[in-house]
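Notes for the one structure printed next.
Keep in mind the model is a prediction, meaning the values are calculated, not measured. Heads up: numbering here begins at 1 and tracks the sequence. Atoms within a ligand are numbered from 1 in the order they appear, just like the ligands themselves.
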Amino acid sequence: MITPLPAIDVPSPARTVIQLLEDAGFEAWCVGGFVRDAVMGRPAHDVDLASNASWQQLKALCDSAGIPVREIGVKHGTLTVLLEGEALEVTTYRIDGAYSDGRHPDQVSAARNIEEDLKRRDFTINAMAYHPERGLLDPFGGQRDIEAGVIRTVGNPRERFKEDALRILRACRFVSQLGFQMDEATFQAALSQKSLLGGVAVERMRDEMERFLLGAHVHDALLGTVDILAFPFPELVAMKGCQQHTPYHIYDVLEHTAWAVQNIAADPILRWTMLFHDMGKPGAKFEGPDGISHFYGHAKISVTLAAAVMERLGFSNHRQAQILALVKRHDDVIEPQRRPVRRALSRLEGNPELFRKLCTVKKADASAQAPQCAPRMQLANQLVQVMEAVLAEGEAFSLKSLAANGRDAMDAGIPQGPAVGEALSAALEAVIEGALPNQREELLAFLQNWAIGR
Ligand code: ATP
Ligand code: MG
């Protein structure tokens, strides 16, 4: 029994374009993520349209109606129509060759009808079409699979993954976003053919993996698909079953990681950080004679592994730097007092935003440990409060926030060159440690003494 379709509200720009095409004797349907999310009753998704009109035919109709268009995707049969502040992609019915940019196949040929166009789509839940009057077109049982919570390829999964291996990661991504499970044949094909991902462009993999990490069901998805993700992320394999015999932990490293990822805000920097934060534990682990597991130095190994993964996946330098700083510091002990907080801030390049993120990381980490670690979450909250006080009172924790600068150092008699930086760093150190107030007069005296002492 399939539940009656919820009322699907097609936004006005899409209705206008459908009307425009159909008044001219063509046919058009809503397709893809919009239909899937509408059938699921999830929040509205951008509408994509599919039509039997060529892009040139649609462009001619838009031109005569005075509707602006963009021709960026026309190589793949996609025309972007600009209406009511929205950019609507309209694609001619097509059959695909291989995909290499994640959105558009390398070669396309026209499909005869909507059914053929739906057939080339990846999963049954993504292969439905909807029309405001004609209703739902669902030739592969997408609605049934939505009700059952199943990700199933359209057609033979082995063949569909061979055509485009990115679909393997897309399947994992939909598991994480929707809380669904792969159907058995789809899962087995993804598992046994995961090495095909070796032929997929790294940025496509990175984008899908990021969507995976941002998913609302990422904990279950990570545990459920780890053996597939092992191809792009072999580092995960050692985490699976890596037991933590300590009073602080109740999960193995993989499940702890899965909870830590799930329990942090869906922000890319934070989610990648949690994925990486304990990756070094299997390498660092040893067991004492008392049977207690130790992981000394694991954060450093996590940094090495995370750097290698991000390099492989082509992360920007800026992103890498932030994530690595958080991974490196995730386990630092910071007392909730001004001096330790100033020190921690200076270790994070004096970046309060990064310190705030570090506290979030610590909180998520603690939330994924044994229940007795709950006070660590309080501690992370306290750290943020202390930092706010440090900021409010203008305390120094970086050269930028120091009440003296390079000019002052040279005026105090320090020769231009590296000595200036050394002197200012020494002054900053003294201020952070509380040995010197962050006041210009006092700093100038310190710098003059430094110049004399050299
Ligand atoms: P979302 O935009 O929420 O991530 P989506 O389903 O819209 O999800 P897109 O990547 O935007 O995903 O793709 C739009 C549609 O194009 C999909 O619903 C699917 O029908 C089809 N599609 C996308 N990528 C592939 C692929 N690699 N193989 C086959 N069909 C694909
Ligand atoms: Mg989309």
Side-chain angles (χ1 to χ4, degrees), residues 11 14 29-51 73 76-78 80 86-109 111 114-130 136-143 145-146 151-180 186 189-190 193 196-197 199-201 203-218 221 266 268:
W29 294 82
C30 303
V31 288
F34 168 78
V35 183
R36 179 196 65 229
D37 287 357
V39 170
M40 290 184 72
R42 278 164 52 100
H45 185 290
D46 291 352
V47 189
D48 291 326
L49 297 182
S51 170
H76 313 285
T78 303
T80 305
E86 306 266 329
L88 195 71
E89 292 193 353
V90 187
T91 305
T92 307
Y93 296 158
R94 70 185 192 204
I95 306 168
D96 301 349
Y99 283 62
S100 46
D101 68 354
R103 305 212 48 208
H104 305 293
D106 298 340
Q107 318 106 22
V108 294
S109 46
I114 181 73
E115 284 83 3
E116 243 180 38
D117 178 273
L118 294 177
K119 195 169 169 200
R120 55 96 182 171
R121 294 174 182 270
D122 48 7
F123 306 111
T124 59
I125 61 169
N126 289 342
M128 298 182 286
Y130 183 78
L136 189 72
L137 183 63
D138 179 19
F140 307 105
Q143 202 190 351
D145 282 343
I146 282 175
I151 308 294
R152 183 196 315 272
T153 54
V154 173
N156 182 321
R158 297 187 63 84
E159 284 165 21
R160 300 311 310 282
F161 290 151
K162 215 179 296 163
E163 258 169 36
D164 178 11
L166 187 72
R167 292 172 187 152
I168 295 173
L169 274 192
R170 285 176 60 86
C172 299
R173 183 257 275 204
F174 286 114
V175 167
S176 178
Q177 280 185 330
L178 307 177
F180 286 12
T186 299
Q193 293 176 294
L196 294 175
L197 283 165
V200 172
E203 57 279 11
R204 297 179 73 199
M205 290 211 279
R206 183 190 60 217
D207 292 352
E208 284 303 331
M209 192 56 198
E210 187 157 300
R211 289 176 176 188
F212 174 94
L213 287 175
L214 296 177
H217 306 268
V218 61

Minimal heavy-atom distance between Lys162 and Gln193, with the atoms involved, is CE-NE2, 3.9 Å
Under a 4.0 Å N-O cut-off, is there an ion pair linking Lys119 with Glu116?
no
Here the pair of heavy atoms bringing Pro139 nearest to Ala127 is CD-O, 4.0 Å
Knowing that exactly one of Thr78, Val31, Leu49 qualifies, which makes a side chain to side chain contact (heavy atoms under 4.5 Å, CB included) with Glu89?
Thr78
Give the contacting part of Asp164 toward ligand 1: side chain, backbone, both or neither, where contact means a heavy-atom distance below 4.0 Å.
side chain
Over all heavy atoms of both residues, which pair between Met128 and Gln143 is shortest? Give the atoms and the distance, please.
SD-N, 3.6 Å
Using distance alone, decide if ligand 1 has a nitrogen or oxygen within less than 3.5 Å of any nitrogen or oxygen in Arg173.
yes
Within ligand 1, which atoms have a heavy atom of His45 less than 4.0 Å away?
1 (P), 2 (O), 3 (O), 7 (O), 8 (O)
If the contact criterion is a heavy-atom separation under 4.0 Å, does Leu166 count as touching ligand 1?
no
Option with minimal heavy-atom separation from atom 17 (C) of ligand 1, where the choices are Gln177, Arg170, Arg204, Arg120:
Arg170
Counting from 1, what ligand 1 atoms have a heavy atom of Gly32 closer than 4.0 Å?
18 (O)
Any nitrogen or oxygen of Asp122, side chain or backbone, less than 3.5 Å from one on ligand 1?
yes
Where Asp46 and Phe34 come nearest, the two heavy atoms and their spacing:
O-CB, 3.5 Å
Out of Arg36, Met128, Arg167, Arg211, the nearest non-hydrogen contact to atom 8 (O) of ligand 1 is supplied by Arg36
